[in-house]
Amino acid sequence: MPRRAVPTTSPTTSPTASPTTSRSGAGAGADAGEAAYDRRRLRQWLAGEARADGVDRRDLLRLLAAAGLSTAGLAATAGPALASSAGGVPAAAPAVAPTGASAQAAAVVPGIVKPLPDAWFTARGTNAETRFEALAGTGHHTPVDRFFVRNHTSTPVLDASDWSLTIWGDGLRGGRSVELTLDDLKRLPAVTRSAVVECAGNGRSFFTTQQGQTVSGTAWTLGAIGSARWHGVRLGDVLRRAGLGRGAVDVMPRGLDADYVTADGTNLGRVRRPLPLSKALDDVLLAYGMNGEPLPPDHGAPVRVLVPSWIGIASVKWVGDIEVSAEPLFSPWNTDFYRLFGPAHPEGGGAPLTRQTLKSAFELPWNASLEAAAEHRLTGRSWSGAGTVARVEVSTDGGGTWHRARLHDTPRRADWVRWSAPWRPAAPGAYTLLARATDTAGRVQPETTVHNTQGYLFDAVVRHPVRVV
């Protein structure tokens, strides 16, 4: 595979790292900082100091409204285009109900390299969802062979010896460009970080099956997540080595997978997503290792971005170039996608999503059969994008009573915790198991999630059916 050439023009930009307006919130200080950043970027755009290649003006106006800025004086320019829909990108098919392991046929996904055994995966379009029960007994970190796969197109198999990363843009001193090989990265100080990667749509199908609401997108249950030990270099170290300029505001990694073409034939280009410089310099990694081994193709080899605590689209796989910009950047991935649309959200959509929300899942098959009058050890995992998990409670009677679960990991930021709870069902019958987490930001999983049309950030307590026999 040839090396990625330095772009001669600014690429059509992608999802920015603007503040999340999820109803479940997060740390107040972080929210305020991200909101201020987003407002500043929008003001720069209004002053003609921003770049938004491939983005319709109406989409920027939606962001303006989401940030609470006045649209006075702009209505004449926007005209009727200022709509509350998600723009010209067609929605995917409505999410469907989870089917359960016994109903799933072969997990065959063209474009994914690794094997996908039925016992471990559910095929979902171009993606493969991990069956949560397949994680039972595997330890804290998800084995690579059971780690979910989220692809916009298909997995490229790249030659690490021929790979290079181009850092470029007017946010570098003198507008220079720098090319680094994998060996160059490995000569920089290495770090290892344990963190989850989770798709923003994880849990999407429960909007339909639990709340009776129509949403678009891949019908994930709760298996679009995995935790790993990521090994690589700090993005901040790489940017400083490249000659980071004082005027830089945004950093945009772009992948080497094929262009993403929507159902109506619109070519959105390669997956790319800007980050605010402050986040890029904080805890973001360029990872080339996973669980002690070289990064595999399906998970971004030779090198991927890892953005802890943020929605998975920020952690761009197969990264080939990174633009460092002195201007704010926008793209379809943060104007049409990865924002909250719907009647409960600001007209034109909420601000672009950043941090993940709070979730819990049992390591049990859907509709599992358990023996009556026997002692069972219910196990599961909980995680939060806003802080660490403080406690987990389990109900075996549909929410009538709750009991504290035992945590089996030291809670850490950007990672999950395993937990367990004993249960001895007295009589046969149908039961509903519930698990809810509370995090250090004070959030508790709610009974329902406020609806959004694209089905992002489902955080309600999941009603997990089992049968006692």
Does any part of the side chain of [Y], heavy atoms only, come nearer than 4.5 Å to the side chain of [X], both counted from C-beta?
{"X": "Trp318", "Y": "Leu158", "result": "yes"}
{"X": "Arg187", "Y": "Leu180", "result": "no"}
{"X": "Ile311", "Y": "Arg355", "result": "no"}
{"X": "Asp257", "Y": "Thr155", "result": "no"}
{"X": "Thr221", "Y": "Glu129", "result": "yes"}
{"X": "Ser309", "Y": "Gln356", "result": "no"}
{"X": "Val191", "Y": "His231", "result": "no"}
{"X": "Glu327", "Y": "Asp170", "result": "yes"}

How long is the gap from [atom1] on [X] to [atom2] on [Y], to the nearest 0.5 Å?
{"X": "Gln445", "Y": "Thr357", "atom1": "CD", "atom2": "OG1", "result": "8.0 Å"}
{"X": "Leu268", "Y": "Asp336", "atom1": "CG", "atom2": "CG", "result": "8.0 Å"}
{"X": "Leu285", "Y": "Leu306", "atom1": "CG", "atom2": "CG", "result": "5.0 Å"}
{"X": "Cys199", "Y": "Arg150", "atom1": "SG", "atom2": "CZ", "result": "5.5 Å"}
{"X": "Thr379", "Y": "Arg418", "atom1": "OG1", "atom2": "CZ", "result": "10.0 Å"}
{"X": "Arg240", "Y": "Arg234", "atom1": "CZ", "atom2": "CZ", "result": "9.5 Å"}

Evaluation steps, side-chain contact (heavy atoms from CB on, under 4.5 Å), between Asn202 and Ile225: CA-CA 7 Å; Asn202 197 26; Ile225 185 173; 3.8 Å; yes

Aromatic plane relationship, Phe458 with Phe206 - under 30° parallel, 30 to 60° tilted, over 60° perpendicular: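 Judged by the thresholds at 30° and 60°, the geometry between Phe206 and Phe458 is tilted.
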
Looking only at heavy atoms, which two atoms of [X] and [Y] are closest? And how far apart?
{"X": "Ser154", "Y": "Gly111", "answer": "CB-CA, 3.6 Å"}
{"X": "Val113", "Y": "Pro297", "answer": "CG2-CB, 4.3 Å"}
{"X": "Trp163", "Y": "Val303", "answer": "CH2-CG2, 3.5 Å"}
{"X": "Leu239", "Y": "Ile167", "answer": "CD2-CG2, 4.3 Å"}
{"X": "Ala160", "Y": "Leu182", "answer": "CB-CD2, 4.0 Å"}
{"X": "Val144", "Y": "Pro296", "answer": "CG1-CG, 3.4 Å"}

With a 4.0 Å cut-off, would you call [X] and [Y] a salt bridge?
{"X": "Lys114", "Y": "Asp298", "answer": "no"}
{"X": "Arg254", "Y": "Glu323", "answer": "no"}
{"X": "Asp283", "Y": "Arg413", "answer": "yes"}
{"X": "Arg412", "Y": "Asp415", "answer": "no"}
{"X": "Lys359", "Y": "Asp459", "answer": "no"}

Full working for side-chain contact (heavy atoms from CB on, under 4.5 Å) between Asn151 and Lys317: CA-CA 9 Å; Asn151 283 352; Lys317 296 193 287 186; 3.0 Å; yes

Just by modelled atom types, is the [Y] backbone N or O under 3.5 Å from a matching donor or acceptor in the [X] side chain?
{"X": "Asp184", "Y": "Thr181", "value": "yes"}
{"X": "Tyr456", "Y": "Tyr338", "value": "yes"}
{"X": "Arg176", "Y": "Arg173", "value": "yes"}
{"X": "Arg131", "Y": "Asp118", "value": "yes"}
{"X": "Thr354", "Y": "Trp310", "value": "no"}
{"X": "Thr388", "Y": "Thr440", "value": "no"}
{"X": "His345", "Y": "Arg339", "value": "no"}
{"X": "Arg204", "Y": "Thr218", "value": "yes"}
{"X": "Asp259", "Y": "Asn267", "value": "no"}
{"X": "His451", "Y": "Thr214", "value": "yes"}

Scan side-chain atoms only and decide if [X] and [Y] contain a donor-acceptor pair under the 3.5 Å cut-off.
{"X": "Thr262", "Y": "Asp264", "result": "yes"}
{"X": "Arg443", "Y": "Ser384", "result": "yes"}
{"X": "Glu198", "Y": "Trp383", "result": "yes"}
{"X": "His141", "Y": "Asn291", "result": "no"}
{"X": "Trp419", "Y": "Ser382", "result": "yes"}

Trp416 six-ring face occupied by Arg381 cation (under 6.0 Å, within 45°):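 Arg381 over Trp416 ring: yes.
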
Lys/Arg cation over aromatic Trp230: Arg193, 6.0 Å, 45° cone: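 No.
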
Val462 vs Leu222, side-chain contact (heavy atoms from CB on, under 4.5 Å): CA-CA, chis, key distance, verdict: CA-CA 9 Å; Val462 171; Leu222 287 172; 3.8 Å; yes

Val215 and Gln454: CA distance, side-chain angles, deciding distance, side-chain contact (heavy atoms from CB on, under 4.5 Å) verdict: CA-CA 5 Å; Val215 293; Gln454 296 186 56; over 6 Å; no

Leu281 and its side chain to side chain contact (heavy atoms under 4.5 Å, CB included) partner, picked from Leu244, Asp237, Leu275, Val251: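 Among Leu244, Asp237, Leu275, Val251, the one that satisfies the side chain to side chain contact (heavy atoms under 4.5 Å, CB included) with Leu281 is Leu244.
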
Aromatic ring proximity Phe132/Trp220, centre distance under 6.0 Å: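 Ring centres of Trp220 and Phe132 not closer than 6.0 Å.
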
